[in-house]
Amino acid sequence: MYGYVRPVKGELKVSEYEQFQAAYCGLCHELGRRYGLACRFLVNFDFTFLAMLLADGPSVPTCRKRCIAHPIRRRTCACGGGSLETAADQTVILAYWKLRDGIRDGGFFPSLACRAACLAIGRAYKKASARRPAFAKAVREDLEELDRLEAEKCPSVDAAADRFAAILRAVSEDIEDVGRARAVGELCYHLGRIVYILDAADDLAEDAAADRYNPLRYRFETADGKLKPEDEKTLRTSLQHSHNAICAAYALLGENPYGGVLSNTIYMGLPSVAQAVFAGTWRAGNRLQRERSGI
Amino acid sequence: MNDPYSVLGVSPSASDEEVKKAYRELARKYHPDNYHDNPLADLASEKMKEINEAYDTITKSREQGGGASSYSYGGGSAYQSQSRYTGANVQYAQIRQLINANNLAQAEAMLGRIPTHDAEWNYLMGSVCWRKGWMDEAGRYFRTAATMDPGNVEYRNAVQYMNQGGQAYRPAGAGMGNMMSSDAACNLCSNLICADCCCEMMGGDLIPCC
């Protein structure tokens with residue numbers, strides 16, 4: 001997806017960092033096991049977060065495995081557990097539809113690349129959507145609706161973000177406990193809203209230069225792809241309310257084996273990512289961070 | 001009922017002080033102020049009830065006639081339905097009830113059928129948006145309502161709550177990070193430290209530890 005949902009590494013305990021890495025590697029292996037090598041490249045921070053969020057029980061079983069990225073030393077991976085399987089299925093489904101989007105929206109070469117990638121994961125998508133028909137349907141419909149809103153240049157940030165947020169809320173629908181499903185759904189909805197809006201803010205200058213649709217361009221008056229300070233404040237205040245909603249929903253969830261990593265991501269990760277996006281340092285910092293982190 | 005000690009997350013051998021501390025932290029976590037017009041408010045107030053009962057059970061079972069202070073936070077609903085509607089406006093009362101019951105689709109449909117968009121209409125539309133998670137639209141409707149009827153306290157409070165960014169539980173030590181510009185909170189701290197430095201220069205001290 002986007003990689004906006006991530007912990008602040010410097011603030012993680014070593015044990016929490018190891019857990020986070022194990023979840024990331026676990027999701028990658030699960031993607032490989034269920035859908036083949038090509039799909040392992042779809043692993044991302046956002047769905048690692050969702051896999052951790054949906055994890056149940058007091059602890060997660062781990063095993064040690066090798067992979068192409070780490071051929072010499074075995075790494076600790078989370079293994080087994082329904083939440084990794086769910087997250088793997090959902091990763092494939094969402095990636096497939098995002099690529100389909102890319103085929104239509106991109107220029108000649110980008111759309112060719114998307115077509116090739118789409119072919120590569122086409123069979124995986126068939127399998128995944130057979131396993132999660134409801135989620136696949138929700139993603140398809142919500143993205144279609146989002147396309148429609150984007151085509152008619154919808155001036156409401158909330159309406160556009162709503163469709164993307166609804167996709168993430170659909171992640172919670174397999175949860176049996178009604179209260180827990182509601183809390184996870186609310187958390188994921190606002191997570192989706194924040195991700196969508198941060199992405200819009202991050203792309204604003206680029207979209208303005210290329211005269212592409214960006215909800216912020218139609219909601220606010222922008223000059224040179226920049227928001228006015230008072231508009232930025234309004235937007236960030238509305239993100240703050242979404243962040244509060246995430247914190248409020250998170251407080252209602254029971255114990256989680258990844259509690260430390262999740263708390264870090266929610267209380268510190270999201271605010272610092274937002275800070276970086278609005279300061280304009282996200283794009284540059286992102287690449288550096290990834291190189292340094294070594295995962 | 002669940003074991004009261006496990007509800008509070010303490011062992012049965014915990015001291016009174018530890019029990020009280022655990023209770024206070026949980027009460028802070030599920031405080032109704034953190035669930036202001038939140039669609040999950042009912043879940044939070046259930047939790048609040050559970051920990052209140054657990055704390056009462058523990059204090060009662062430990063009490064030997066001493067005056068251990070048993071207090072509990074109330075779980076009052078933050079969103080009061082108002083009964084000031086008369087005549088043509090009974091529809092608004094109905095809409096408020098729908099919003100309170102979290103029946104947002106129907107409330108929105110009813111609002112959509114009302115042709116005149118007065119201040120109250122904007123306020124209720126804002127409330128629907130707020131509960132749906134459409135925070136930006138909610139703010140716009142609230143501001144419109146307050147502009148149309150500047151004397152109304154309810155509208156003004158909504159705008160104020162909107163602008164100030166609301167509140168949510170964060171455990172101690174989780175950092176003060178938020179999504180808004182870092183100025184407000186940080187300025188307060190840095191101003192305090194500056195003031196402390198000034199005081200120290202003059203021989204006084206505002207923050208004793210530094």
Side-chain angles (χ1 to χ4, degrees), chain A residues 8 11 156-159 161-162 165-166 169 178-180 182-183 185-187 189-190 192-194 197-198 215-216 219-220 229 232-253 255 259 263-264 266-275 277-279, chain B residues 6 9 25-26 28-48 102 128-143 159-186:
Chain A
V8 175
E11 298 286 343
S156 163
V157 181
D158 286 333
D162 178 64
R169 181 162 53 200
V178 184
R180 188 174 146 77
R182 275 176 62 202
E186 175 84 356
L187 195 161
Y189 180 88
H190 284 282
R193 182 174 185 272
I194 288 179
I197 293 178
L198 284 182
L216 300 180
R219 163 69 176 88
F220 300 109
E232 187 185 309
K233 194 170 165 226
T234 309
L235 185 67
R236 291 180 74 166
T237 309
S238 99
L239 288 178
Q240 175 64 34
H241 285 293
S242 274
H243 190 238
N244 288 342
I246 289 176
C247 295
Y250 180 62
L252 290 167
L253 298 178
E255 258 191 87
S263 298
N264 175 306
I266 290 173
Y267 298 126
M268 290 185 257
L270 287 173
S272 62
V273 168
Q275 197 71 38
V277 165
F278 284 104
Chain B
S6 65
E25 183 64 16
L26 286 171
R28 195 166 78 80
K29 189 170 179 179
Y30 299 116
H31 196 277
D33 283 356
N34 293 335
Y35 293 86
H36 176 84
D37 269 359
N38 190 300
L40 303 176
D42 56 318
L43 296 178
S45 79
E46 259 170 49
K47 285 262 191 199
M48 196 66 157
N102 248 342
V128 169
C129 283
W130 170 263
R131 292 219 173 193
K132 274 204 309 190
W134 291 36
M135 311 310 205
D136 182 44
E137 301 284 312
R140 291 166 89 177
Y141 284 118
F142 286 149
R143 281 189 280 273
V159 172
Q160 205 185 6
Y161 187 81
M162 202 64 225
N163 290 345
Q164 145 263 333
Q167 69 174 71
Y169 167 80
R170 282 172 183 73
M176 296 294 286
N178 67 57
M179 313 292 281
M180 295 155 81
S181 16
S182 44
D183 49 29
C186 284

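All chains are named by letter (A, B, ...) in the order of the sequence lines, taking the proteins before the strands, and each is independently numbered beginning at 1. Note that the structure is predicted; figures quoted are calculated from it, not measured. Computed from heavy atoms alone, side chains included, the values below leave out hydrogens, waters and symmetry copies.
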Give, as side chain, backbone, both or neither, the part of Y161(B) having an atom under 4.5 angstrom from any heavy atom of chain A.
both
More than 12 heavy atoms of other groups within 6.0 Å of Q160(B) CD
no
Once you round to the nearest 0.5 Å, how far does OG1 of T237(A) lie from CD of Q164(B)?
10.0 Å
Is any side-chain heavy atom of H190(A) closer than 4.5 Å to one of M135(B)?
yes
Of the backbone (N, CA, C, O) and the side chain (C-beta and beyond), which part of Y189(A) lies under 4.5 Å from a heavy atom of chain B, both, or neither?
side chain
Return the CZ to OH distance between R170(B) and Y250(A), rounded to the nearest 0.5 Å.
13.0 Å
Part of S272(A) within contact of chain B (heavy atom distance under 4.5 Å)
neither
Which atom pair, heavy atoms only, marks the closest approach of Y35(B) to A248(A)?
OH-O, 2.6 Å
Determine the minimum heavy-atom distance between E186(A) and P39(B), stating which atoms define it.
OE2-CG, 3.4 Å
With only heavy atoms counted, which part of I194(A) is less than 4.5 Å from chain B, the side chain, the backbone, both or neither?
side chain
Do L43(B) and R182(A) touch side chain to side chain, with heavy atoms closer than 4.5 Å?
yes
Is S263(A) close to chain B through its backbone or its side chain, or both, or neither, when contacts mean heavy atoms under 4.5 Å?
neither
Below 4.5 Å from any heavy atom of chain B, which atoms of A161(A) appear? Answer side chain, backbone, both or neither.
neither
Portion of E46(B) that has a non-hydrogen atom of chain A nearer than 4.5 angstrom:
neither
Show your working on side-chain contact (heavy atoms from CB on, under 4.5 Å) between R143(B) and T234(A) and close with a plain yes or no.
CA-CA 12 Å; R143(B) 281 189 280 273; T234(A) 309; 3.7 Å; yes
Sort out for me which of A274(A), C247(A), A279(A), A251(A) touches chain B most, counting heavy-atom pairs under 4.5 Å.
A251(A)
Distance-only, no hydrogens or angles: does the H243(A) side chain make a donor-acceptor pair with backbone N or O of N178(B) under 3.5 Å?
no
Within the side chain of Y169(B), is there an N or O that forms a donor-acceptor pair under 3.5 Å with the backbone of N244(A)?
no
Pair Q275(A)-M180(B), side-chain contact (heavy atoms from CB on, under 4.5 Å): steps then yes or no:
CA-CA 8 Å; Q275(A) 197 71 38; M180(B) 295 155 81; over 6 Å; no
Using side-chain heavy atoms (C-beta onward) and a distance below 4.5 Å, is M162(B) in contact with H241(A)?
yes
Do R193(A) and D136(B) meet the salt-bridge criterion of a basic N to acidic O distance under 4.0 Å?
no
Chain B shares the most heavy-atom pairs under 4.5 Å, among S242(A), A245(A), S238(A), with S238(A)
With heavy-atom distances below 4.5 Å as the criterion, would you say the side chains of V157(A) and W134(B) are in contact?
no
So which of N34(B), N38(B), D42(B) has the largest heavy-atom pair count under 4.5 angstrom toward chain A?
D42(B)
Of all heavy-atom pairs linking E137(B) and S156(A), the shortest is OE2-OG, 2.9 Å
